[in-house]
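Below is one structure, written out as structure tokens, with a few remarks after it.
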Protein chains: 2
Amino acid sequence: MKKGSEFKVLSSESGAPSATGSKSAVRAATPSTQNSKPKTQNYFLGLDLGGTSIKAVAVTATGEKLRQRSVPFVDRDMEWAKKIRTLIRAWRRELGEPAGIGLSAPGLAAKDARSIAVMPGRLLGLERLDWTDYLASPRPIPILNDAHAALLGEVWRGAARGLRDVMLFTLGTGVGGAAMVDGHLLRGAIGRAGHLGHITVDWNGPRDDFNTPGSLEHFMGNKFIRERTKGRFASTHELVAAAIKGDAAAKEIWDRSVRALGCSISSLINVLDSDAVIIGGGIARAGETLFAPLERYVRHYEWQAGGHQARIVRAELGDYAGAYGSAANALGFDPARD
Amino acid sequence: MKKGSEFKVLSSESGAPSATGSKSAVRAATPSTQNSKPKTQNYFLGLDLGGTSIKAVAVTATGEKLRQRSVPFVDRDMEWAKKIRTLIRAWRRELGEPAGIGLSAPGLAAKDARSIAVMPGRLLGLERLDWTDYLASPRPIPILNDAHAALLGEVWRGAARGLRDVMLFTLGTGVGGAAMVDGHLLRGAIGRAGHLGHITVDWNGPRDDFNTPGSLEHFMGNKFIRERTKGRFASTHELVAAAIKGDAAAKEIWDRSVRALGCSISSLINVLDSDAVIIGGGIARAGETLFAPLERYVRHYEWQAGGHQARIVRAELGDYAGAYGSAANALGFDPARD
């Protein structure tokens, strides 16, 4: 993208671009002449900043998808931020002014929801970047943690539609998560609520990156696969493939992983009292090899007060869950009220 | 108490008793003559039904205590319900009509908050008893689970005043709990959220009453003390006394209990992201013998993202926490908004 081409996100209640004195704004609005009404729709723009790509959706207030895009980036010189600006400009030209923009990213969202407050180690420049200012938006752009956004997306338009008590596990390199109780997406004192991968399963196990001994992530996260398999497997995909082929050692290791997840889910049902548990992330692609034994373990360990059983369901929105959640957040979707 | 003396709780916005045609209401109002204004205050009545006694407080909207009482009962023929009626009648005579009444009890509160929906095994008659109807209250009497009420009380007027992200552990026969996140008291799909004693610490341990393997309750609850100490101690009190006197085996067993609690707290900080952890119940009377090692274990296992440390504090309201919480609930105290 061209450097220095500042782009102003304009706001108007109707969703139509308004004329301003800003040169760049005028340039951005070029496709619509002053006399022809710009092709505009009342839509919301949801952005999810990942580690290597930006996922974006443009959706109506009822969740109808108008656009969807994945934009890869290299994590240097805030290329991700510039690509987000470019993307917004392009959709603004095509669709008119969005009625709202929401964004999610890794790390802990600030209390005022204007930035990611804590994200050490990567996406340099993200911490404390005020997106409303950066994108010169006259209306605040609410920021969510990526897992929080994914859960909100799944509740709005995905596997947990209409539910208020839900937890989400994303099984991948690590084990991420988020939780909603009574329709409230749990954020917490410093925006860290829902780190469901960092609860103890075996207190005699080693402490993980977050100091949690014998954590669920330790048993299920892809990052520990070599340690767990004594170097035999380089990925959970390989492990599961070997287990399916009947490799006894692989079957046993995989069974321990699934049991750890079932045990964690059952513990957290007692804490969060969920109606449904959504499982997403790359490892969820294992399908029935994961879901069949997981269902058995959860039923074995679950309290089932009054006969209540939490449903175990697969995430539906895939890589775009966070983008949908960001759009839902921008439009003020609130299951506690809606 | 006299059977059949039905008592109507009267309602008026000012909190003053209104004249009605009800004989019992007239009788209840007897101390005030028709010409002298009844001695009345704008107060809220909080009731907490326990296993052997009813705790009650009459408090103003700012938490000033007007009355406090503990009424013992025997668990037969719904004696507890009748004693609650009698108590309300007495305070109504003395203080005038309450501006609101709230009640908490063991078990899972119904979605509509008018009753306890699930409470098997004891307090026969409590399940599905509609307190608004039973007490003939013209204004709904909101019902809370007892641990939920205790936490709300501690947040309103106790150890967690002014906080929004808090968890409570009650260490006694079992390990109970409750959680508040972002100012929302977590209730959940069937009112069971916050059963913090039923999370796994050691997945190889035996399953507890709720099917949770190696649960915190297993390591800390008084009900498992004989099992944990191979019959040497009959209560945690005895165990702690022996540990203080230098008994090496007692010290080791107690240390395991505290480590299990520290480990559980640290896990749940990652899920609930609390500012403070309140410890109540009989075992909290162990004082520094509990709190000093607990603090060390939590610091050892806690994530401490951005340097954040959750405070570990002792409950302040003791046996009356639930009654305060019920009063807070009746007056509409909402930390998410207030």
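Remember, predicted model here, so these are calculated numbers, not experimental data. Within every chain, numbering begins at 1; the chains are lettered A, B, ... in the order of the sequence lines, protein sequences first and strands thereafter.
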Item to complete: Under 4.5 Å, heavy atom to heavy atom: which of residues 215-223 of chain B reach chain A? Give them by number, or say none.
Response: Phe219(B)
Worksheet entry | Top contributor to chain B interface from His300(A), Gln304(A), Met180(A) [non-hydrogen pairs under 4.5 Å] | His300(A)
Worksheet item: chain B heavy atoms under 4.5 Å from Ala305(A): which part of the residue, side chain, backbone, both or neither?
Response: both
Worksheet item: Is it the backbone or the side chain of Ser274(A) that comes under 4.5 Å from a heavy atom of chain B, or both, or neither?
Response: backbone
Discussion item. If I compare all heavy atoms of Leu272(A) with all of Leu186(B), which pair ends up nearest, and what's the gap?
Written reply: CD2-CD1, 4.3 Å
Fill in: For chain B, which residues of residues 253-260 of chain A have heavy atoms nearer than 4.5 angstrom
Arg256(A), Arg259(A), Ala260(A)
Worksheet item: Considering only heavy atoms, which portion of Val181(A) lies under 4.5 Å from any heavy atom of chain B: side chain, backbone, both, or neither?
Response: side chain
Worksheet item: Between Trp303(A) and His195(B), does a side-chain contact (heavy atoms from CB on, under 4.5 Å) hold up when you go through it step by step?
Response: CA-CA 11 Å; Trp303(A) 174 7; His195(B) 274 78; 3.6 Å; yes
Practice prompt. Scan side-chain atoms only and decide if Asn211(A) and Ser266(B) contain a donor-acceptor pair under the 3.5 Å cut-off.
Written response: no
Fill in: Residue pair Ile190(A), Asp273(B): steps toward the side-chain contact (heavy atoms from CB on, under 4.5 Å) verdict
CA-CA 7 Å; Ile190(A) 57 168; Asp273(B) 192 11; 3.3 Å; yes
Worksheet item: Can you list the steps and then say if Asp202(A) with Trp203(B) is a side-chain contact (heavy atoms from CB on, under 4.5 Å)?
Response: CA-CA 6 Å; Asp202(A) 178 2; Trp203(B) 71 334; 3.7 Å; yes
Item to complete: Provide the closest heavy-atom pair for Asp165(A) versus Gly188(B) in the form atom of the first, atom of the second, distance.
Response: OD1-CA, 3.3 Å
Discussion item. Can you tell me which portion of His198(A) sits under 4.5 Å from chain B's heavy atoms? Options are side chain, backbone, both or neither.
Written reply: both
Response to the item:
With chain A, the option among Asp182(B), Thr200(B), Ile199(B) that has the most non-hydrogen atom pairs under 4.5 Å is Asp182(B)
Worksheet item: Side chain, backbone, both or neither: which part of Asn204(A) has a heavy atom under 4.5 Å from chain B?
Response: side chain
Fill in: Option that, when pairs with chain A are counted at under 4.5 Å, heavy atom only, ranks first among Ile269(B), Asp275(B), Val201(B), Thr212(B)
Val201(B)
Response to the item:
Among residues 307-316 of chain A, those lying within the under-4.5 Å heavy-atom range of chain B are His308(A)
Fill in: Part of Arg207(A) within contact of chain B (heavy atom distance under 4.5 Å)
side chain
Worksheet item: Yes or no on side-chain contact (heavy atoms from CB on, under 4.5 Å) for Val271(B) and Leu196(A), after CA distance, side-chain angles and deciding distance?
Response: CA-CA 6 Å; Val271(B) 175; Leu196(A) 310 185; 3.9 Å; yes
Practice prompt. Count the heavy-atom pairs under 4.5 Å between each of Ala178(A), Ala189(A), Ala193(A), Gly194(A) and chain B, then report the option with the highest count.
Written response: Ala189(A)
Practice prompt. Select all residues of residues 107-121 of chain B having any heavy atom within less than 4.5 Å of some heavy atom of chain A, and report them by number, or 'none'.
Written response: Leu108(B), Lys111(B)
Worksheet item: Of the backbone (N, CA, C, O) and the side chain (C-beta and beyond), which part of Leu268(B) lies under 4.5 Å from a heavy atom of chain A, both, or neither?
Response: side chain
